[in-house]
Amino acid sequence: MSFLSLAFLSPAVLAALAVLPLIWWLLKLTPPRPRTEVFPPLKILASVLKREETPSKSPWWLTLLRMVMAALVIVALADPVLNPRSDTLSGDGPLVLVVDNSWATATDWDRRRDTAESMIDDAEGRDIPVSILFTADARHDATPGAATAAREKLAAASPQPQVPQRALAITALTEALGGEAPGTLVFLSDGITAAEEDDTLAVLSSLNPAELRLVEGDGAAAVAVTTASNGSTALNVTASRLRTTDAASLVVDAQDSQGRTIASGSIDFAAGAASASGEIAAPFELRNDFARVSIAALSTAGAVHLLDDGFRRRRVALLAGDTGDEFQPLLSPLYYINRALQPFADLVEPGVADLAASIPDLLQQNPSAIIMADIGRLPAETYEPVERWVSNGGTLIRFAGPRLAAAPSADPLVPVILRQGERALGGALSWAEPQPLAEFPTFGPFAGMPRPADVMIRRQVLAEPTPDLAERTWASLADGTPLVTVRDVGRGRIVLFHVTAEATWSNLPISGDFVEMLRRVVQLSSTGGGDASSGTSASLAPWRLLTEHGALTAETGNARPIPGGQNRPVAASFDHPPGLYGSEDGFVALNLLPPDTELRPLDRTVPVTTAPLLGEIATPLKPTLLALALMLLFIDALVVLFMGGAFARLPKRAAAAAVIGLAALALSPVPQARADDPKPGDEQIFERLDNTHLAYVVTGEEEVDRLSEQGLAGLTEYLTYRTTLEPAPPVGLDITKDELSFYPIIFWPISASAPMPTAAAISRIDAYMRAGGTVLFDTRDQFSALDGDTGPTPNGERLQAILANIDIPPLEPVPSDHVLTRSFYLLSGFPGRYSGSPLWVEARQEARNSDSSITSAGDGVSPIMITGNDLMGAWAIDNNGAPVMPTVPADELQREMSFRSGVNIMMYMLTGNYKADQVHVPALLERLGQ
């Protein structure tokens, strides 16, 4: 929504509009039109006689034209301004700006920044101190200071993929003010309640400001996906919105891991409704490829819901030793299992009762888990394929029963050694009473579940005591005997419930805890993922994080690992931003908002002055009005010339063409004077040629490009301090259009999530390398896949895709006697933030085949260098000269060696292999007489 206003800087001039009637009367008079006469003398003498003449009236439309022209000039002199800024700040204290820079502000951040900047400008004009703080930042400096410092903080701020933590910000503000009451306190809010009881306005009002002002946007972009669950036939998606006045229909896309939309649905909001649900219909196999769900029309972190391996719907095969009686379904071994898993899994049952035929058929369908209810012995030929399936990642879940109790103890498909027979608890022939369950251990999938108080076990199969039995027990009875045991086999596992799957041995199957226990065990089964969701409590490192615009980036910044298993957080925080945690082999998703969150507007129980965001910036209208008046003056001149007969002697067509040409000239905009050279870009070319610049490729990812600039700035400072080379500030290059030949070396940080360069851009890089330039590719993953030992990382795959169309020479790791190791410093490696990746350069075949120990002969310089050590991350410094990123491991000596590596690379690039010719040094010294 745009709010327009108009003001006059010199309103007194508008009083001149009162003389327009007089101008109308004067303009009505016009001299008579001259006549053309022949030359006869007597005719001239006759006309000498003096006669009284009266002026004729001008046409009404010409008078109106002149009146409009006069009115435009008068209004222009009054200096009108569109969207003027009005200074309404209180001078009774400092200006305090509390700014929400949460996920909901990403779409209108520019307008929010302009609004805050206009208030800072007003405060600067009146010499009022300014305090500004941002609620989605982890640290706050709310001390009132100069307007210049506040403007710099505002320029450096950006939206964050976080929920605002207003209580922390207000606490910092209260401490900074130290009891001083603010003058004008402006809360630039996203309009959303950030907690169950958000009393932000009340707390701000308690600071006793002279004026409390609330500035909000229209809330149209405050829409978030809060829940996504995989149903039996479709993906169910729930979303919440802030503005509920009108009905709305939103398109929701499901995308795969490559960001491609593979299915779509819709969510329909009724008028007045804050939450609504929708479906994305797709087959079971296609839904398992979903990696994220997003609202199509929005680009915010809240409009994206990330999915992981735990979301995918498992395919579970069911087998039973007894088919049961169809007239007594409650006694069927699979009845309760079927009812428990049907909402969460795709269940598959065999078509035939013969296990020798049904088991291979089920394995062909590649299930995530197989559940066997009271099966004692399998056909001999099925053991080997089932064991192979488990080793490859399958989960075998077995339930006890009379058949399993009577089976031999050497069964390879049970997790523990079982005693033959069963243990009865309670009854006339037993001294023991039925046993309840003990508390669940903290290391299994049942960790965090409350102990079922009403579940009693009457019969079970017992396990032989072994030293590791406690480690394999996920659940046990109150007397310590195991109820659920497990054994890992390869990448899979075998799980055994020591009771039956129906209610003959216990009442566990008819309890709600049975559904949760079975669901958690099935959820551990693999669907092509890895260890990230294995239920263990190991920490998961950040892998891909969500930006404020809903895109995934490989830059993890200061994010901390999250605990795995059942202890991991349900929503993002400052320490754990939203994103994917784990690795490419397996990960878990941490989304911005907790499940089933509902967006609610702020509580406005305190008096507050409301104001909208600024629309367009203030625009003076005086130049436009004067230009219109000038255009009308040209039109008036044309009309007067035409009425005076200036075009009468021209042919009709020539006269018409002249009129049209002059009219077009009058109506055409006045060309603006240009301050730049007639050849745009020449000034920049001369500036770049005047000094040496370190250059990096702009990838399009803000965080990567910022680190690249800071890294080359750090290397530039180091070169200036340690060498005679004094480079100018680093330059970011758009390889699609910028001239590359000005730079001896271009640093290219590889990011798999950045846009893939076009074929034309890669061709320009190829031409640059052929012409003598060098490109240093840094995959920043401490890995180089060139030796073929291991598969490439995502950044390595992106590098392979870039180099696929470039004719690169054979490569080798930098040998110990290469010029790079001694061009300035004596080095044995080229570390960055990491130190495990070699630096690959062009292999010099002639050096290998000769007797010389020099690897690079002549002045040849490798056109390509490849590393994974994140050199620019180690070089990056902030405005105070402090390192931005830590080394891995944290070692300042490694950072120093990284800077020395950068010096050697630059000296090698600028001087070639001059130091390789050391064999001539004695002869040169002898010639010089030394």
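In this chain, residues are counted from 1 in sequence order. What you see below is based on every heavy atom in this structure, not just the backbone, and it leaves out hydrogens, waters and symmetry mates.
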Closer than 3.5 angstrom, by distance alone: can the side chain of [X] be matched with the main-chain N or O of [Y] as a donor-acceptor pair?
X	Y	value
Tyr581	Ala589	no
Thr547	Ala551	yes
Asp253	Ser264	no
Arg292	Gly550	yes
Glu502	Tyr336	no
Ser837	Gly868	yes
Arg377	Ala407	no
Asp870	Asp781	no

| message | Please evaluate residues Gln460 and Thr481 with respect to the criterion side-chain hydrogen bond (donor to acceptor under 3.5 Å, both in side chains), reporting the C-alpha separation (whole Å), side-chain torsions for both, the decisive distance (0.1 Å), and the verdict. | response | CA-CA 9 Å; Gln460 69 177 142; Thr481 55; 3.2 Å; yes
| Flag for Asp468-Thr466: side-chain donor and acceptor within less than 3.5 Å | yes
| query | Side chains of Thr485 and Thr473: donor-acceptor distance under 3.5 Å anywhere? | reply | no
| message | Could you go through Thr226 and Asp596, starting from their C-alpha distance and side-chain angles, then the distance that decides it, and tell me whether this counts as side-chain hydrogen bond (donor to acceptor under 3.5 Å, both in side chains)? | response | CA-CA 5 Å; Thr226 57; Asp596 302 320; 5.2 Å; no
| field | Sidechain N-carboxylate O distance under 4.0 Å for Glu584, Arg544 | value | no
| query | Do Arg423 and Asp479 sit within salt-bridge range, that is, some charged N less than 4.0 Å from a carboxylate O? | reply | yes
| said: Checking salt bridge (charged side-chain N to carboxylate O under 4.0 Å, His left out) between Asp411 and each of Arg403, Arg398, Arg487, which is the one that passes? | reply: Arg398
| remark: When every non-hydrogen atom of Asn392 is compared with those of Arg491, the smallest separation belongs to O-NH2, 2.9 Å
| Distance-minimising heavy-atom pair for Val570 and Pro595 | O-CD, 4.2 Å
| said: The test is side-chain hydrogen bond (donor to acceptor under 3.5 Å, both in side chains); show your working for Thr238 and Ser277 and say whether it passes. | reply: CA-CA 4 Å; Thr238 302; Ser277 298; 3.1 Å; yes
